[in-house]
Amino acid sequence: MKDVELRGMFSAHTILILSVLFATFAPSLFLDDFSIIGTHLLWLCICSTTVAAVSIILHSLLETNAVPNKKNYFSHKLSKTMKSCLLFLTSCLMFHGIIVLYGAPLLVSFKETFLFAVLLSTFTTFRCLCVRGPNVQAWIRVFSKNGALSIWDTSLQITTISTLFGAWLGAFPIPLDWDRPWQVWPISCTLGATLGFTVSLVIAPLWIYWNRKHLTYKCR
């Protein structure tokens with residue numbers, strides 16, 4: 001494990017955290033009556049778009065993916081982009097279906113549920129696309145036992161699990177009769193997922209740093 005790679009992860013994760021904070025607080029400077037709760041759907045769109053855009057820029061600069069052969073580069077890039085878009089859309093639909101199976105309204109709050117699924121896909125699937133490309137087999141390997149091949153794979157494991165755990169934990173206050181505005185579907189779940197994602201961005205590099213002597217990555 002190279003120190004420069006770990007420093008790159010610290011920097012990338014810090015910028016991702018700042019992007020979440022930017023999406024949360026900056027719009028209120030330009031939009032009247034903007035708030036996470038009051039204009040929650042708008043915040044979901046801004047947060048998902050901001051994190052996705054920053055992730056693309058960061059991972060293109062850090063080159064966490066293997067650089068393809070320069071021959072047929074454009075066609076390779078186009079094919080990769082189309083596959084990534086298809087996988088991201090599939091992920092959004094799958095998350096939407098899973099959320100409905102867990103008890104979310106099917107038709108009444110379709111927009112809210114789908115945007116929640118988009119947020120989850122942005123925090124999980126989109127990062128897999130940036131780090132490992134549109135290779136589902138590589139994703140499966142990353143989340144299998146001892147499947148991490150780099151510190152970025154370990155980071156994916158931590159951030160994905162934390163995001164999903166945060167979303168699951170955020171569902172607990174919804175049925176309680178507290179009559180709070182943040183109990184409206186899916187506000188507490190999206191806040192839980194966002195908090196889980198943000199906290200994991202801090203935890204992941206620290207955990208890797210503390211355990212760096214015990215982490216060994218083998219090329220496959």
Side-chain angles (χ1 to χ4, degrees), residues 12-13 15-17 19-24 36 40-60 64-65 79-107 109-144 147 152-171 174 185-201 204:
H13 283 201
I15 294 173
L16 281 172
I17 292 172
S19 71
V20 174
L21 295 176
F22 175 85
T24 302
I36 296 179
H40 191 66
L41 296 186
L42 178 59
W43 175 77
L44 284 176
C45 295
I46 295 174
C47 187
S48 299
T49 303
T50 303
V51 172
V54 171
S55 296
I56 292 174
I57 296 171
L58 287 175
H59 288 287
S60 62
T64 55
N65 269 319
S79 174
K80 185 177 177 180
T81 301
M82 292 179 65
K83 288 180 181 178
S84 297
C85 291
L86 181 60
L87 285 172
F88 182 76
L89 177 60
T90 303
S91 172
C92 293
L93 295 175
M94 288 182 64
F95 270 123
H96 185 95
I98 292 171
I99 294 167
V100 169
L101 290 176
Y102 268 88
L106 178 60
L107 298 176
S109 303
F110 179 85
K111 186 186 298 183
E112 288 82 353
T113 304
F114 185 74
L115 288 178
F116 176 33
V118 172
L119 185 77
L120 288 178
S121 295
T122 303
F123 290 162
T124 58
T125 306
F126 198 86
R127 296 199 72 235
C128 289
L129 288 168
C130 291
V131 175
R132 285 296 164 191
N135 186 343
V136 179
Q137 293 298 321
W139 301 359
I140 295 173
R141 189 256 310 144
V142 167
F143 292 98
S144 62
W152 294 101
D153 289 348
T154 304
S155 171
L156 278 179
Q157 295 171 345
I158 296 173
T159 55
T160 299
I161 293 172
S162 297
T163 298
L164 298 179
F165 179 74
W168 174 76
L169 203 61
I174 292 178
W185 172 257
I187 295 177
S188 61
C189 290
T190 57
L191 293 180
T194 305
L195 182 61
F197 175 70
T198 305
V199 170
S200 68
L201 291 173

A.B. asks: Counting distance only, does the side-chain N/O of S200 pair as donor-acceptor with the main-chain N or O of G196 below 3.5 Å?
C.D. replies: yes
A.B. asks: Which atom names give the shortest non-hydrogen contact between Q157 and S144, and what distance separates them?
C.D. replies: NE2-O, 4.3 Å
A.B. asks: When rounded to the nearest 0.5 angstrom, what distance separates OG1 in T190 from CZ in F197?
C.D. replies: 14.0 Å
A.B. asks: About how many Å separate OG1 of T163 and CG of L195, when rounded to the nearest 0.5 Å?
C.D. replies: 10.0 Å
A.B. asks: Can you list every salt bridge (charged side-chain N to carboxylate O under 4.0 Å, His left out) pair that touches residues 153-170, not counting sequence neighbours?
C.D. replies: R132-D153, R141-D153
A.B. asks: Taking all atoms of both residues into account, what is the closest heavy-atom pair of I174 and C189, and its distance?
C.D. replies: CD1-SG, 3.8 Å
A.B. asks: Can you give each donor-acceptor pair under 3.5 Å made by side-chain atoms of residues 47-54, sequence neighbours left out, with the distance rounded to 0.1 Å?
C.D. replies:
| residue | atom | partner | partner atom | Å |
| --- | --- | --- | --- | --- |
| S48 | OG | L44 | O | 2.9 |
| T49 | OG1 | C45 | O | 2.7 |
| T50 | OG1 | I46 | O | 2.7 |

A.B. asks: If I take atom CG from residue L201 and atom CZ from residue R127, how far apart are they, to the nearest 0.5 angstrom?
C.D. replies: 6.0 Å
A.B. asks: What residues form a side-chain hydrogen bond (donor to acceptor under 3.5 Å, both in side chains) with H96, not counting sequence neighbours?
C.D. replies: none
A.B. asks: As an exercise, state the distance from CG of N135 to CG of L129, rounded to the nearest 0.5 Å.
C.D. replies: 10.5 Å
A.B. asks: Which pair of heavy atoms, one from L156 and one from T160, lies closest together, and at what distance?
C.D. replies: O-OG1, 2.8 Å
A.B. asks: Please report the interatomic distance CG(L191) to CG(L119), rounded to the nearest 0.5 Å.
C.D. replies: 9.5 Å
A.B. asks: Could you check whether T159 and H13, counting side-chain N and O atoms only, form a donor-acceptor pair closer than 3.5 Å?
C.D. replies: no
A.B. asks: Please find the pair of heavy atoms, one from P105 and one from T113, that lie closest to each other, and give the distance.
C.D. replies: O-OG1, 3.8 Å
A.B. asks: What orientation do F110 and F114 show, parallel under 30°, tilted 30 to 60°, or perpendicular over 60°?
C.D. replies: parallel
A.B. asks: Are any non-hydrogen side-chain atoms of I56 and F126 less than 4.5 angstrom apart?
C.D. replies: yes
A.B. asks: Among I99, I187, L41, find the residue that satisfies the side chain to side chain contact (heavy atoms under 4.5 Å, CB included) test when tested with F116.
C.D. replies: I99
A.B. asks: Return the set of residues passing ring-ring contact (aromatic ring centres under 6.0 Å, His included) with F143 (not counting sequence neighbours), or none when no residue passes.
C.D. replies: none
A.B. asks: Give the minimum heavy-atom separation between A104 and W185, together with the two atoms involved.
C.D. replies: CB-CZ2, 3.4 Å
A.B. asks: Roughly how far apart are C92 SG and L120 CG, rounded to 0.5 Å?
C.D. replies: 9.0 Å
A.B. asks: If you compare all heavy atoms of G133 against all heavy atoms of W139, which two are closest, and at what distance to 0.1 Å?
C.D. replies: O-NE1, 3.0 Å
A.B. asks: The criterion is side-chain contact (heavy atoms from CB on, under 4.5 Å); which residues satisfy it with L21, sequence neighbours excluded?
C.D. replies: I17, L18, F25
A.B. asks: Name all residues meeting the ring-ring contact (aromatic ring centres under 6.0 Å, His included) criterion together with F95; count only those two or more places apart in sequence or in a different chain, and write none if there are none.
C.D. replies: none
